Amino acid sequence: QEENIAPEIRNNIIILFIIQFLWPIKTGFVQNYKKHITVYIINCQDYLFLCYNLYMNMQILEQADFPIRLTEIPKPPEKLYYRGTLPNWDEYVFLAVVGSRNYTSYGRDVAEKLIASLAGHPVVIVSGLALGTDALAHKSALSHGIKTNAVPGSGLDDSVTAPRTNYALAQDILTAGGALLSEFDPK
């Protein structure tokens with residue numbers, strides 16, 4: 001899976017692997033320090049995860065940093081992964097938009113007009129990343145300069161964005177200063 005690792009971090013990982021894993025073998029330390037081999041592998045994996053997250057601009061939001069209302073639901077997630085820029089919880093009103101995958105023209109018109117009327121106000125549109133109303137809400141918010149956050153039913157790694165047809169929309173949300181959030185591991 002080396003092709004999935006960005007070139008700018010691949011060399012650092014390889015160098016770290018050589019320093020932490022191959023060097024002890026080559027110099028004969030393995031005979032005396034076999035227990036350290038596991039440590040070297042774990043350190044390399046941790047470093048790989050760190051580099052990957054930095055490259056993907058992915059971070060973890062712990063429960064202590066959740067907005068208060070999220071902690072009040074029956075089973076809040078232990079943590080949320082996110083990419084992009086989270087708005088200040090206290091400065092914005094978050095409007096969740098849900099609806100059908102197969103909306104009517106009337107439903108589309110109403111959703112677009114309601115979202116357009118929020119332009120210039122401290123509002124963040126929050127929706128899934130599903131086909132239909134979710135995508136419509138994000139596109140409408142983006143076209144009117146309104147912040148938007150997507151909560152896909154998948155991890156946040158580019159390779160697992162679902163549905164795949166909304167991959168470009170997810171990138172547009174990030175480019176516009178929004179965020180993607182998920183309780184699922186990145187991949």
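As the structure is a computational prediction, the values presented were derived from the model and not from experiment. Sequence positions, counted from 1, serve as the residue numbers for this chain.
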TODO: Kindly determine whether Lys139 and Leu169 satisfy side chain to side chain contact (heavy atoms under 4.5 Å, CB included), including the steps that lead there.
DONE: CA-CA 8 Å; Lys139 289 175 184 175; Leu169 176 59; 3.8 Å; yes

Scanning both residues in full, the closest heavy-atom pair of Leu156 with Tyr81 reads CD1-O, 3.3 Å

ask   = Do side-chain atoms of Ser140 reach the backbone of Ala137 as a donor and acceptor pair under 3.5 angstrom?
value = no

Just so I know, are the side chains of Arg108 and Leu136 near enough to count as touching, which here means a heavy-atom distance under 4.5 Å?
yes

| request: Would you mind reporting whether Leu61 and Lys79 have side-chain heavy atoms less than 4.5 Å apart? | output: no

Please tell me whether Ile115 and Val151 are part of a single hydrophobic cluster in this structure, the criterion being side-chain heavy atoms less than 4.5 Å apart. no

Tightest non-hydrogen contact, residues Pro87 and Val124, listed as CG-CG2, 3.7 Å

Here the gap from Leu70 atom CG to Phe94 atom CZ, rounded to the nearest 0.5 Å, amounts to 10.5 Å

d(Gln59 CD, Leu181 CG) to nearest 0.5 Å is 11.0 Å

All heavy atoms of Leu174 vs all of Arg83, minimum pair found to be CD2-O, 3.4 Å

In terms of heavy-atom contacts, does CD of Glu78 have more than 12 from other residues, nucleotides or ligands at under 6.0 Å?
-> no

Taken to the nearest 0.5 Å, the spacing of Ile60 CD1 from Glu62 CD works out to 6.0 Å

To the nearest 0.5 Å, atom CG of Asp172 lies from atom OG of Ser143 at 11.0 Å

Between Thr161 and Ser154 the two heavy atoms that sit nearest each other are CA-OG, 4.1 Å

* Does a side-chain heavy-atom distance below 4.5 Å link Leu131 with Asn166? -> yes

Rounded to the nearest 0.5 Å, the CG atom of Asn149 sits from the CG atom of Leu95 at a distance of 12.0 Å

Whether over 12 other heavy atoms sit under 6.0 Å from Arg164 CZ:
yes

In short, Pro163 meets Ala130 closest at the heavy-atom pair CD-CA, 4.0 Å

Query raised in the report: Is the count of non-hydrogen atoms from other residues, nucleotides or ligands lying under 6.0 Å from Asn88 atom CG greater than 12?
Result: yes

Value for CD1 (Ile125) from NZ (Lys147), rounded to nearest 0.5 Å, stands at 12.5 Å

task = Say whether Ile68 and Tyr92 are linked into one hydrophobic cluster, either directly or through other cluster members, by side-chain heavy-atom distances under 4.5 angstrom.
result = no

Query raised in the report: Would Phe66 and Trp89 count as a ring-ring contact (aromatic ring centres under 6.0 Å, His included) if you check the C-alpha gap in whole Å, the side-chain angles of each, and the deciding distance to 0.1 Å?
Result: CA-CA 9 Å; Phe66 285 4; Trp89 307 123; 8.4 Å; no

Taking every heavy atom of Val97 against every heavy atom of Asp134, the minimum-distance pair comes out as O-OD1, 3.8 Å

**OP:** Indicate yes or no for a side-chain donor-acceptor contact from Thr148 to the backbone of His138 under 3.5 Å, with no hydrogens or angles considered.
**Re:** no

Please determine whether residues Phe184 and Leu180 belong to a single hydrophobic cluster, defined as Ile, Leu, Val, Met, Phe, Trp and Tyr linked transitively by side-chain heavy-atom distances below 4.5 Å. no

Is any side-chain heavy atom of His121 closer than 4.5 Å to a side-chain heavy atom of Val93?
-> no

| request: Treating Ile, Leu, Val, Met, Phe, Trp and Tyr as nodes and any side-chain heavy-atom pair under 4.5 angstrom as an edge, say whether Tyr103 and Leu129 lie in one connected cluster. | output: no

If two hydrophobic side chains count as joined below 4.5 Å and joins carry through other members, does Ile146 share a cluster with Val126?
no

